[in-house]
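Okay, so here's the structure we're looking at.
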Amino acid sequence: MKATAIAHPNIALVKYWGKRDEKLILPHQSSLSVTLGPLAVTTTVEFTGQKGPDQIEINGKVAEGGERKRVEEALKLVRLEAGAKKKLGAARMVSRGDFPASAGLASSAAAFAALSVAARSAAGFGRDTKAESILARRGSGSASRSIEGGFVRWNRGKRADGKDSFAEQLFDERHWPELRLLVGMVSREEKEVKSRDGMRSTVETSPYYPAWAKDAEREVKEIVRFIKRRDLEAVGEIAERNAWRMHATALGANPPLCYLKPATLEVIEACRQLRKQGVGVWFTLDAGPNPVLLTSATDEARAVALVKAHGASEVVQCRPGGDARLV
Ligand code: DP6
């Protein structure tokens with residue numbers, strides 16, 4: 001009743017922003033991401049068969065508060081699925097990420113994906129990417145997209161119970177090995193409004209929200225065609241436009257949500273200038289100030305130099321990563 005799993009984070013090229021069901025974590029629109037290697041989170045889950053509270057350790061510390069609650073919820077769902085007869089009992093979970101929280105990438109996506117694979121396996125279930133994606137989604141929406149590697153689409157789904165809202169791989173990580181994703185750290189400050197709260201406020205108060213949701217659904221379809229052809233220019237243009245539109249709908253919230261810093265805009269402007277010189281580099285932005293650049297292996301060095309020249313203290317260099325897996 002013990003298993004260990006590894007999962008990678010992901011970066012969305014068409015973002016998930018807004019829930020239609022807060023409890024089940026069901027999105028208003030589909031989204032699409034690239035799984036990022038080599039960064040990874042490793043999680044071990046053991047069901048002890050004993051009564052008592054779950055023991056939860058994340059990055060060397062006992063988990064508390066909201067973080068603890070979210071993990072407990074996920075473990076509870078596994079016990080429920082396994083049924084009372086199995087007597088899984090309390091769990092011991094230890095999770096560790098090999099990238100600093102300061103990398104600017106939400107480690108929660110990789111963490112809930114690894115937890116989902118490890119916990120289901122510890123409970124005796126065979127691998128089932130759909131069930132794992134649905135369980136990971138209940139921890140954090142974007143985690144549903146970290147079960148599989150390469151290019152992954154989280155389908156919105158229509159059902160009220162969420163059984164058709166899970167992510168699936170469209171192309172594996174070998175489809176586009178020369179793609180590079182560079183996280184430029186222009187700020188290490190903790191953001192004031194977390195994604196969860198920011199997206200809720202946007203759904204409730206931004207007059208632009210319905211337009212965002214409709215447009216993003218269409219952009220998912222559009223970008224898939226270009227990923228298939230490995231057309232970096234077309235993929236980069238859609239990713240940039242989609243990031244701007246997500247930030248535009250958030251800016252339209254009340255109170256307005258601005259996740260950008262002056263340095264973010266500097267990097268974006270520098271990207272544009274570099275493109276004029278024939279360097280293939282585009283950006284995307286999550287709900288934070290750190291841009292993620294999309295480029296190719298050929299232009300990687302110039303793109304790294306660009307972000308460093310504009311105040312990035314560090315650049316985390318990634319490429320398409322693989323599936324979450326048991327070890
Ligand atoms: C801007 O998945 O962290 O990174 O479902 O509330 O846990 P919850 O939110 P989360 O939100 C991610 C938002 C985003 C875009 C994306 O990854 O698609």
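In each ligand, atom 1 is the first atom listed, and ligand 1 is the first ligand listed. Since the structure is predicted, the reported quantities are computational estimates derived from the model, not experimental observations.
Contact annotation: for R200 versus ligand 1, there are no heavy atoms closer than 4.0 Å. Under 4.0 angstrom from ligand 1, the non-hydrogen atoms of I25 all belong to its side chain.
Contact check on D172 versus R174 returns a salt bridge, with a Lys/Arg side-chain nitrogen under 4.0 Å from an Asp/Glu carboxylate oxygen.
Ring geometry for F283 against W244 counts as perpendicular: the plane angle is over 60°, on a 0 to 90° scale with 30° as the lower cut.
Residue contacts with ligand 1: K15 is placed with no nitrogen or oxygen under 3.5 Å of a nitrogen or oxygen of the ligand (distance criterion only).
Taking every heavy atom of A287 and a limit of under 4.0 angstrom, the matching atoms of ligand 1 come to 1 (C). For ligand 1, the atoms lying closer than 4.0 Å to a non-hydrogen atom of G141 are 2 (O), 5 (O), 7 (O), 8 (P). The distance from ligand 1 to the heavy atoms of K19 drops below 4.0 Å at these ligand atoms: 5 (O), 6 (O), 8 (P). The distance from ligand 1 to the heavy atoms of A12 drops below 4.0 Å at these ligand atoms: 16 (C), 17 (O), 18 (O).
Nearest to atom 13 (C) of ligand 1 among the protein's heavy atoms is Y16 O, 3.6 Å.
Remark: side-chain polar atoms of R137 are paired, donor with acceptor, to backbone N or O of S165 under 3.5 angstrom.
Of the residues R92, R79, K76, R68, the one that meets the salt bridge (Lys or Arg N to Asp or Glu O under 4.0 Å) test with D54 is R79.
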